[in-house]
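Have a look at the structure below before the remarks.
Note that these values count all heavy atoms, side chains included, but never hydrogens, waters or copies made by symmetry. Remember, predicted model here, so these are calculated numbers, not experimental data.
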Amino acid sequence: MFVYVFLFNYAGQEFMDHNDHIFSTAYNVRWYVTPLHVQKLILFLLQRGNKTVSLNFGIMFVLSLELFAALTKASISYFTVMCSMQ
């Protein structure tokens, strides 16, 4: 179960990182030497890149390595409390 949670969160993190890479590449491209129709596409990518794109699990959870760390920390704390109660 731990491996599945890690893989799903890692895939979500890779998805967000890939979107950030596309935005930074479109931002740093030499747009002034491209034809006009390509400049319009670059402008579209830059406008679209301002919004954060993420994979959601249900309504509340955004899949990322940050969520994985929080889930791992909470589960370790839970099991520590359960073991100390015995």
Side-chain angles (χ1 to χ4, degrees):
M1 199 63 178
F2 186 74
V3 173
Y4 286 130
V5 171
F6 174 74
L7 290 176
F8 287 130
N9 284 302
Y10 184 74
Q13 186 68 45
E14 283 293 318
F15 185 74
M16 288 191 300
D17 291 345
H18 184 68
N19 182 49
D20 292 340
H21 178 69
I22 289 173
F23 177 73
S24 65
T25 302
Y27 187 79
N28 292 327
V29 74
R30 294 176 18 197
W31 57 270
Y32 46 86
V33 295
T34 60
L36 185 60
H37 69 281
V38 176
Q39 288 179 11
K40 291 179 183 179
L41 291 174
I42 292 170
L43 182 61
F44 174 73
L45 283 174
L46 290 175
Q47 288 175 342
R48 180 79 174 129
N50 285 336
K51 300 175 186 173
T52 55
V53 176
S54 60
L55 290 176
N56 294 333
F57 181 72
I59 298 172
M60 299 183 343
F61 301 113
V62 176
L63 296 177
S64 66
L65 291 178
E66 183 179 357
L67 176 65
F68 175 72
L71 289 173
T72 304
K73 182 179 176 183
S75 65
I76 289 173
S77 297
Y78 174 75
F79 287 117
T80 302
V81 168
M82 294 305 283
C83 288
S84 69
M85 299 286 275
Q86 292 180 350

Considering residues, nucleotides and ligands other than Glu66, do more than 12 of their heavy atoms fall under 6.0 Å from its CD? no
Common cluster, Met60/Phe15, ILVMFWY with side-chain heavy-atom separation under 4.5 Å: yes
How close do Met16 and Val53 get, heavy atom to heavy atom, and via which atoms? CG-O, 3.1 Å
Value for CG (Leu65) from CZ (Phe6), rounded to nearest 0.5 Å, stands at 6.0 Å
Distance-minimising heavy-atom pair for Asn56 and Ser54: OD1-OG, 3.5 Å
Please round to the nearest 0.5 Å and tell me the distance separating atom CD of Gln13 and atom CG of Leu55. 10.5 Å
Over all heavy atoms of both residues, which pair between Leu46 and Ala26 is shortest? Give the atoms and the distance, please. CD2-C, 4.0 Å
Consider only side-chain heavy atoms of I, L, V, M, F, W and Y, link residues closer than 4.5 Å, and tell whether Tyr32 and Ile42 are in one cluster. yes
Nearest heavy atoms of Val33 and Arg30, plus distance in Å: CG2-O, 3.2 Å
Centroid separation Phe61 to Phe68 less than 6.0 Å: no
Do Tyr27 and Phe44 sit in one hydrophobic cluster, given that two such residues count as connected whenever their side-chain heavy atoms are within less than 4.5 Å of each other, even indirectly? no
Leu41 CG to Trp31 CH2 distance, which is reported to the nearest 0.5 Å: 15.0 Å
Please tell me whether Phe2 and Leu7 are part of a single hydrophobic cluster in this structure, the criterion being side-chain heavy atoms less than 4.5 Å apart. yes
Taking atom CZ as the centre, does Phe23 end up with more than 12 heavy-atom neighbours from other residues, nucleotides or ligands that are less than 6.0 angstrom away? yes
Would you find more than 12 non-hydrogen atoms of other residues, nucleotides or ligands less than 6.0 Å from Phe57 atom CZ? no
Please report the interatomic distance NZ(Lys40) to NE2(His37), rounded to the nearest 0.5 Å. 10.0 Å
Determine, using the 4.5 Å side-chain heavy-atom cutoff (strictly less than), whether Leu67 and Val5 are members of one ILVMFWY cluster. yes
How long is the span from the CG atom in Leu71 to the CG atom in Asn9, to the nearest 0.5 Å? 6.5 Å
Got a second to check how far Ile22's CD1 is from Asp17's CG, nearest 0.5 Å? 11.5 Å
